[in-house]
Participant: 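Please find one structure pasted underneath; my questions will follow.
Basis for what follows: all heavy atoms, side chains included, without hydrogens, waters or symmetry-related copies. Everything quoted here is computed from the prediction, not taken from an experiment.
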Amino acid sequence: MEYTQLGRTGLKVSRLVLGTMNFGPQTDEAESHAIMDAALDAGINFFDTANVYGWGENKGRTETIIGNWFAKGGGRREKTVIATKVYGNMAADTDNAWPNHDKLSAVNIRRAVDASLKRLQTDHIDLYQFHHIDRNTPFEEIWQAIDVLVQQGKILYAGSSNFPGYKIAQANEIAARRGGTFGLVSEQCLYNLAERRAEMEVIPAAQDYGLGVIPWSPLHGGLLGGIIKKEVQGGRRASGRAADTLKDPAARAQIQAYEDLLDKHGLEPGEVALAWLLTRPGVTGPIVGPRTAGQLESALRAVELELSEDLLGSLDEIFPGPGPSPEAFAW
């Protein structure tokens with residue numbers, strides 16, 4: 001496994017991030033623990049979760065599964081950089097949610113971090129991430145709450161998720177004005193071969209402010225994992241966003257061209273999609289969310305995969321990025 005610094009911090013993290021969103025909803029606790037053990041054995045030390053994972057009536061279930069794994073001992077917690085998130089309401093029925101139990105007010109941050117610590121069965125969270133922007137809470141209040149948590153030893157670093165570039169800048173400029181507030185150290189954003197809008201503003205802002213970029217949905221909901229070939233072979237069929245995308249003839253032709261290109265090179269689409277992200281400037285490591293140990297093994301091969309300049313050029317032809325900012329939208 002390869003390691004890198006998380007943004008401008010001294011924290012070393014693996015270049016693959018274990019995403020745990022499937023733990024609970026799709027993968028039972030025993031299999032989830034087996035996947036985490038396999039990830040740690042392979043050198044993955046960076047695990048990502050969120051307080052709302054488990055969803056619906058089971059919100060918090062994923063953190064609980066991870067906490068039970070930490071409780072097994074054997075150095076599991078000590079070897080793991082654990083990242084979780086705050087923002088969503090933890091009520092099973094959000095239509096009847098009580099006020100001040102969501103978003104980024106100081107009161108909710110204080111309440112949410114203590115609940116996550118309890119579920120995770122740990123005394124601190126390494127990376128505490130804001131799951132979304134809060135349009136009603138000023139960053140002065142957010143950073144005051146975070147500074148208290150850092151002083152209490154409950155969290156070490158703060159990161160963002162799904163932030164636009166201007167909010168990354170705003171957050172860190174306000175942190176700098178406060179003095180002694182470290183600010184955001186990472187941004188977790190939607191970024192992959194088929195969805196490259198983050199290159200226009202989010203990634204440049206992250207690089208300028210020293211944030212590590214942690215892409216989520218690196219296979220774009222399965223579209224970049226060989227979905228057409230799997231359908232033809234009678235395997236897993238596209239569903240949700242992937243199925244909707246493939247209904248568009250132009251999008252389907254694009255994915256088909258991608259699969260044909262990699263078939264010619266004898267490469268697996270999902271592995272190439274991950275390996276491509278590892279070549280991108282500013283990227284710390286993509287989040288892989290395996291439902292099974294076999295899916296984790298496939299993801300691990302991406303770290304050792306070297307993509308030629310010719311292949312990278314061909315991928316750009318199929319999935320052209322927006323180009324540099326501001327030229328991409330100015331002319």
Participant: Less than 6.0 angstrom from the centroid, inside 45 degrees of the normal: does Arg177 satisfy that with respect to the ring of Phe139?
Facilitator: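 The answer is no; the distance or angle limit is not met.
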Participant: Is it the case that one hydrophobic cluster holds both Leu190 and Met200, taking links as side-chain heavy atoms less than 4.5 Å apart, direct or via other members?
Facilitator: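 No.
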Participant: Do the side chain of Asn162 and the main chain of His132 share a donor and acceptor less than 3.5 angstrom apart?
Facilitator: no
Participant: State, without any angle test, whether Glu63 and Asn51 hold a side-chain donor-acceptor pair at a distance under 3.5 Å.
Facilitator: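 On atom types as modelled, these side chains do not qualify, holding no pair under 3.5 Å.
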Participant: So, Arg196 side chain and Tyr191 main chain: donor-acceptor pair closer than 3.5 Å or not?
Facilitator: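 Not a single qualifying donor-acceptor pair exists.
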Participant: For the pair Tyr53 (side chain) and Thr20 (backbone), establish whether a donor and an acceptor sit closer than 3.5 Å, ignoring hydrogens and angles.
Facilitator: no
Participant: Using a distance-only test with no angle check, is there a side-chain donor-acceptor pair under 3.5 angstrom linking Asp260 and Gln256?
Facilitator: yes
Participant: Main chain of Asp37, side chain of Arg76: is a donor-acceptor contact present, judged purely on distance under 3.5 Å?
Facilitator: no
Participant: Indicate, with yes or no, if the rings of Trp69 and Phe47 have centres closer together than 6.0 Å.
Facilitator: yes
Participant: Step through the shown structure and confirm whether more than 12 heavy atoms of other residues, nucleotides or ligands are within 6.0 Å of CD on Glu327.
Facilitator: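 Yes.
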Participant: Looking only at atom types and distance, does a side-chain atom of Asn108 sit under 3.5 Å from a main-chain N or O of Tyr87, one as donor and one as acceptor?
Facilitator: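 Flag not set: sc Asn108 to bb Tyr87 has no pair under 3.5 Å.
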Participant: Looking at Gln129 and Thr84, would you say the former's side chain and the latter's main chain have a donor-acceptor pair under 3.5 Å?
Facilitator: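 The answer is yes, because a donor-acceptor pair under 3.5 Å joins these two groups.
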Participant: Examine distances only and state if a side-chain atom of Ser14 and a backbone atom of Ile44 form a donor-acceptor pair shorter than 3.5 Å.
Facilitator: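 Side chain of Ser14 to backbone of Ile44: no pair is present.
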Participant: Indicate if Ile109 and Val185 have the same hydrophobic cluster label, given that clusters are the connected sets of ILVMFWY residues with side-chain heavy-atom separations under 4.5 angstrom.
Facilitator: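 Shared cluster, no.
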Participant: Is a side-chain N or O of Gln26 found less than 3.5 angstrom from the main chain of Asn22, in a donor-acceptor match?
Facilitator: no
Participant: Please step through salt bridge (charged side-chain N to carboxylate O under 4.0 Å, His left out) for the pair Glu259 and Lys229, ending with a clear verdict.
Facilitator: CA-CA 8 Å; Glu259 293 189 16; Lys229 183 177 181 180; over 6 Å; no
Participant: Please answer whether the main-chain N or O of Val113 pairs with a side-chain N or O of Ser116 as donor and acceptor at a distance below 3.5 Å.
Facilitator: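 No; zero donor-acceptor contacts below 3.5 Å.
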Participant: If the condition is side-chain contact (heavy atoms from CB on, under 4.5 Å), which residues does Glu78 pass it with, not counting sequence neighbours?
Facilitator: none
Participant: Can you run down the salt bridge (Lys or Arg N to Asp or Glu O under 4.0 Å) pairs that involve residues 38-60, sequence neighbours left out, and say none if there aren't any?
Facilitator: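 Passing the test, one end in residues 38-60: Asp48-Lys85.
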Participant: Treating Arg197 as the side-chain partner and Pro322 as the backbone partner, does any N or O pair qualify as donor plus acceptor under 3.5 Å?
Facilitator: no
Participant: With a 6.0 Å cut-off (strictly less than), is the heavy-atom count around NZ of Lys72, excluding the residue itself, greater than 12?
Facilitator: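 Yes - once you tally the heavy atoms of other residues, nucleotides and ligands closer than 6.0 Å, there are more than 12.
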Participant: Between CG of Leu307 and CG of Leu278, what distance do you get to the nearest 0.5 Å?
Facilitator: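 One finds 9.0 Å between CG of Leu307 and CG of Leu278.
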Participant: How far apart are the closest heavy atoms of His220 and Asn192, and which atoms are they?
Facilitator: ND1-ND2, 3.0 Å
Participant: May I ask you to check whether over 12 heavy atoms, not counting those of Arg178, lie within 6.0 Å of atom CZ?
Facilitator: yes
